[in-house]
Amino acid sequence: AIARALLHRPELVFLDEPTAGLDPVAAVSLRADIVALAEREGLTVFVTTHNLAEAEKICGRVGVVRAGRLMAVGTPAELRARAGDPYVDVAGRRFGPDLVHALLASPNVADARLEDGGLRIDLRGDVPAAPIVRLIVELGGEVEEVRRSRASLEDAFITLVEAER
């Protein structure tokens, strides 16, 4: 069906849930083909999907629609930024309330909490995590793994929906 839609070289193609029903390997391949085709041919591809992880992978601009109303439009990065600043998950041992309290006093830390045996540290903007990790170690924490993350497009959608309420 996608090949037939592209056969006459249109400037605009609408795809509704293009990877629905595909196995993971085929879905990855189709996403790569869609992105390559759009770049190579200058084609505009309009994708409707509830799969926000997929939209994040293939879309240069995203419109979030809920209950027939356009809630937001932007690049995936712009929409993710609406959901909050980056955060750091730290796995390890010897994390306690005193360590969390010390982290909260750091100017680069918006919030810190014990979560699933590790630490979740919300950063204030796009600050480096290394000084925070150094502080954890200096205070006696044993760091095994540090993972820096940003909100996903799904997180951004949830933030938009909650703000609407």
Side-chain angles (χ1 to χ4, degrees), residues 1-91 103-104 106-113 115-116 118-133 145-165:
I2 292 174
R4 276 187 301 214
L6 300 172
L7 194 58
H8 67 284
R9 295 186 116 79
E11 293 180 20
L12 173 66
V13 174
F14 288 87
L15 300 177
D16 183 21
E17 301 284 351
T19 61
L22 297 179
D23 65 78
V25 173
V28 167
S29 178
L30 180 57
R31 280 193 297 267
D33 289 345
I34 291 168
V35 170
L37 184 65
E39 290 173 355
R40 188 177 63 245
E41 302 290 329
L43 175 68
T44 298
V45 181
F46 190 97
V47 177
T48 59
T49 182
H50 69 281
N51 183 340
L52 297 177
E54 179 168 274
E56 196 163 13
K57 290 175 185 171
I58 64 174
C59 297
R61 292 189 52 79
V62 175
V64 178
V65 177
R66 182 164 190 258
R69 189 171 74 76
L70 183 62
M71 298 173 62
V73 177
T75 67
E78 290 168 346
L79 295 179
R80 285 191 311 267
R82 290 183 178 197
D85 288 325
Y87 59 90
V88 177
D89 287 321
V90 182
L103 288 168
L104 289 169
S106 172
N108 291 336
V109 174
D111 190 26
R113 59 196 171 280
E115 197 172 272
D116 298 326
L119 287 168
R120 165 65 61 99
I121 304 165
D122 296 332
L123 304 176
R124 290 191 195 279
D126 203 15
V127 298
I132 296 166
V133 173
E145 181 181 356
V146 177
R147 186 172 303 134
R148 184 184 178 105
S149 300
R150 291 190 174 275
S152 67
L153 202 51
E154 184 174 277
D155 295 330
F157 178 82
I158 298 301
T159 299
L160 287 165
V161 169
E162 288 174 352
E164 186 179 85
R165 291 182 192 168

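Values below: all heavy atoms of this structure, side chains included; hydrogens, waters and symmetry mates excluded.
Salt bridge present: Asp126 and Arg148 bring a charged side-chain N and a carboxylate O closer than 4.0 Å.
The CZ atom of Arg113 lies 10.0 Å from the CG atom of Leu104; values are rounded to the nearest 0.5 Å. Distance check: Thr49 OG1 to Asp16 CG gives 8.5 Å after rounding to the nearest 0.5 Å. Note that OG1 of Thr75 and CZ of Arg61 are 7.5 Å apart. Values are rounded to the nearest 0.5 Å.
Considering only residues two or more places apart in sequence or on other chains, Arg9 meets the side-chain contact (heavy atoms from CB on, under 4.5 Å) condition with Glu41. Scanning for side-chain contact (heavy atoms from CB on, under 4.5 Å) contacts around Arg31 gives Thr19, Ala27, Val28, Glu54, Lys57, Ile58, with sequence neighbours left out. Remark: Arg40 pairs with Ala36, Leu37 by the side-chain contact (heavy atoms from CB on, under 4.5 Å) rule, at least two apart or across chains. With sequence neighbours left out, Pro76 forms a side-chain contact (heavy atoms from CB on, under 4.5 Å) with Glu56, Val62, Arg80.
For Asp23 (side chain) and Val25 (main-chain N/O), a donor-acceptor pair under 3.5 Å exists by modelled atom type. A donor-acceptor pair is defined here as one N or O able to donate and one able to accept, closer than 3.5 Å; no such pair exists between the side chain of Glu162 and the backbone of Thr159. A donor-acceptor contact shorter than 3.5 Å links the side chain of Asp155 to the backbone of Ser152.
For the pair Pro86 and Arg150, the tightest heavy-atom approach, listed with the atom from each and the gap, is CG-NH1, 3.4 Å. Nearest heavy atom pair, residue Leu123 against residue Ala110, reads O-CB, 4.0 Å. Of all heavy-atom pairs spanning Ala151 and Ala83, the tightest one is CB-CB, 3.5 Å. Taking each heavy atom of Leu52 and Leu153 in turn, the nearest pair found is O-CD2, 3.7 Å. Annotation for Arg4 and His8: closest pair O-ND1, 4.3 Å, computed over non-hydrogen atoms. Here the shortest heavy-atom pairing between Thr48 and Pro18 reads O-CD, 4.3 Å.
When side chains are defined from C-beta on, Leu119 counts as touching Leu103, because their heavy atoms get closer than 4.5 Å. Side-chain contact between Val13 and Thr44: absent, with no pair of heavy atoms (C-beta onward) separated by less than 4.5 Å. With contacts defined as side-chain heavy-atom distances shorter than 4.5 Å, the pair Ile132/Val88 does not qualify. Taking the side chain as every heavy atom from C-beta outward, Ile121 and Asp111 never approach each other to under 4.5 Å. Side-chain contact check for Val127 versus Val109: every heavy-atom pair is 4.5 Å or farther apart.
Counting non-hydrogen atoms of other residues, nucleotides and ligands closer than 6.0 Å to CZ of Arg147 gives a total of 12 or fewer.
For the ring-ring contact (aromatic ring centres under 6.0 Å, His included) condition, the pairs that include at least one residue of residues 27-67, sequence neighbours left out, are Phe14-Phe46. Residue pairs that meet the salt bridge (charged side-chain N to carboxylate O under 4.0 Å, His left out) test with at least one member in residues 82-91, sequence neighbours left out, are Asp89-Arg120.
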